[in-house]
Amino acid sequence: MSLTEKIPFLDLITPHQQLEPELTAVFHKVLRTAGFVGGPMVENFEREFAAFSDAKYCVALSSGTDAVRFALTAAGVQPGDIVITVPHTFIATTEAISQAGARPDFVDIDEQTYTMDVAKLREYLERECYVDRDTGRPYHRKYRAPVTAVVPVHIYGQCADMDPILELARRYNMIVVEDACQAHGAEYFSEKENRWKKAGSMGHAAAFSFYPGKNLGACGEAGAATTNSEAITRQMRMLRDHGQAKKYYHDIEGYNGRMDAVQAGILSVKLQHLADWNESRRERARKYNELFAAADANIILPKEPSRSKAVYHLFVVQVENREAVQAELAKQNIDTGIHYPVPLHLQKAYSNFGYGPGDFPVCENAAKRILSLPMFPGLTEADQVRVVEALVRSAQNTRRQDVLAV
Ligand SMILES: *Cc1c(COP(=O)(O)O)cnc(C)c1O
């Protein structure tokens with residue numbers, strides 16, 4: 001192997017080659033039954049994924065974005081409501097909130113974990129809202145609207161600090177929808193219940209994405225929502241299917257948000273490997289940490305608190321001179337990513353919200369320095385060594401150039 005051989009950011013080819021006979025068998029089965037949308041394969045996957053996530057119900061959908069949207073609507077978010085999330089997430093989180101008719105608003109993230117800062121959430125509720133006597137819900141003074149839901153994002157595969165979020169939600173009568181689109185199988189230790197809980201089993205409902213690059217990915221677009229509530233399940237099943245529980249009898253106006261049978265069958269095949277794949281990711285994270293610790297460089301590593309078992313959808317470090325470091329790694333044929341370079345409150349799409357630089361400083365500071373390293377179950381130790389050596393060297397070099405330039 002030459003030293004300049006490419007290290008990909010993720011490898012979507014190998015696992016599909018390994019599973020090709022089983023995956024093509026799914027396609028043949030669907031062709032022969034012509035049950036292309038919904039049906040027994042979808043129901044089967046729903047049962048399996050609910051069990052995997054320790055949730056009572058799973059509703060298979062066409063994307064993670066729809067999962068967030070349907071979960072919010074089914075749990076009771078109304079047009080005009082405010083839904084709180086973080087600015088450090090993929091825009092799908094806030095798109096779904098807007099598409100549910102609500103207004104997304106933000107609280108900053110925790111510096112260590114990149115997930116919602118619970119103290120900031122409490123502050124938001126206490127300072128910017130008063131409690132409406134009739135509903136027991138917070139009412140935003142400036143926007144003159146009720147705050148009805150919170151969407152914590154289990155970013156990079158690590159659960160947000162759910163105990164205090166759920167506690168605030170109970171106190172303020174708010175809905176909690178977990179954005180677990182990056183966190184299939186992640187676990188959180190609830191002090192309150194003294195047990196580990198799975199992502200997708202903690203809020204009123206939760207959203208998962210099976211976009212190909214996620215820890216569990218379809219061969220196309222797919223998503224799902226989980227919940228322990230029968231009523232929310234019923235509502236989400238209607239929303240995904242044009243608002244009908246019985247064909248052509250439409251109780252509400254819904255959407256076309258169902259999952260294809262082919263994708264469900266493929267996801268069932270791959271779900272059998274997900275626990276192993278997640279464990280491989282955790283092993284690779286441990287290896288990265290070990291290699292970086294030995295290198296003693298000025299690189300901030302991901303933090304995994306004792307309450308968390310993260311599934312490392314992404315392995316994100318922080319470096320000075322991120323652009324230079326990333327370019328240097330690219331020169332050495334090492335692919336990296338930035339998740340995400342522009343915080344949502346500074347996106348052009350949300351300029352109407354009136355936020356500016358400095359409003360969510362923890363997120364903004366992270367956005368300038370974060371770098372996602374190659375992370376996937378088949379990543380070899382030799383490649384990890386090469387990534388770490390290249391990163392440490394270029395972090396030192398770019399710093400030296402900085403000093404020379406002064
Ligand atoms: C991928 C992702 C989504 C959206 O999922 P799609 O299936 O692409 O619609 C939502 N939120 C987060 C945090 C994601 O990473």
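Heavy atoms only: backbone and side chains are in, while hydrogens, waters and symmetry mates are out. Start at 1 and go down the list; that is how both ligands and their atoms are numbered.
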For ligand 1, which atoms sit closer than 4.0 Å to a heavy atom of [X]?
{"X": "Thr93", "answer": "11 (N)"}
{"X": "Ser63", "answer": "7 (O), 9 (O)"}
{"X": "Cys181", "answer": "2 (C), 3 (C), 10 (C), 11 (N), 12 (C), 14 (C)"}

Less than 6.0 angstrom separating the ring centers of [X] and [Y], yes or no?
{"X": "Phe49", "Y": "Phe210", "result": "yes"}
{"X": "His339", "Y": "Phe9", "result": "yes"}
{"X": "Phe208", "Y": "His154", "result": "no"}

Requested in this report: Assign the ring pair Tyr124 / His140 to parallel, tilted or perpendicular, where the plane angle (0 to 90°) is split at 30° and 60°.
Outcome: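 Answer is tilted, since the angle falls between 30° and 60°.
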Query raised in the report: According to the interplanar angle, ranging from 0 to 90°, do the rings of Tyr114 and His88 count as parallel (below 30°), tilted (30 to 60°) or perpendicular (above 60°)?
Result: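 If you compare the ring of Tyr114 with that of His88, the planes turn out parallel.
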So, regarding [X] and ligand 1 (criterion: nitrogen or oxygen to nitrogen or oxygen, under 3.5 Å), is there a contact or not?
{"X": "Glu221", "value": "no"}
{"X": "Thr89", "value": "no"}
{"X": "Tyr211", "value": "no"}
{"X": "Gly64", "value": "yes"}

Quick one: nearest non-hydrogen protein atom to [atom], plus distance?
{"atom": "atom 9 (O) of ligand 1", "result": "Thr65 OG1, 2.5 Å"}
{"atom": "atom 8 (O) of ligand 1", "result": "Ser209 OG, 3.9 Å"}
{"atom": "atom 2 (C) of ligand 1", "result": "Lys214 NZ, 2.6 Å"}
{"atom": "atom 4 (C) of ligand 1", "result": "Ala92 CB, 3.5 Å"}
{"atom": "atom 11 (N) of ligand 1", "result": "Asp179 OD2, 2.9 Å"}

Query raised in the report: Quick one: are Ile266 and Phe45 in side-chain contact, heavy atoms under 4.5 Å?
Result: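 Result no, sub-4.5 Å side-chain heavy-atom pair not found.
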Query - Minimum heavy-atom distance between Gly356 and Glu364, given as atom pair plus value - result: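 Answer, listing the atom of Gly356 first, then Glu364: O-OE2, 3.8 Å.
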Query raised in the report: So, for Asp66 and Gly257, which heavy atoms are closest and what is the spacing to 0.1 Å?
Result: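 So the two residues come closest at OD2-CA, 3.6 Å.
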Report task. May I ask whether His154 has any heavy atom positioned less than 4.0 angstrom from an atom of ligand 1? Result ->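 No, that is not the case, since the closest heavy atom of the residue is not under 4.0 Å from the ligand.
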Query raised in the report: Are any of the side-chain nitrogens in Glu128 or Arg141 under 4.0 Å away from the carboxylate oxygens of its partner?
Result: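 No, this pair does not count.
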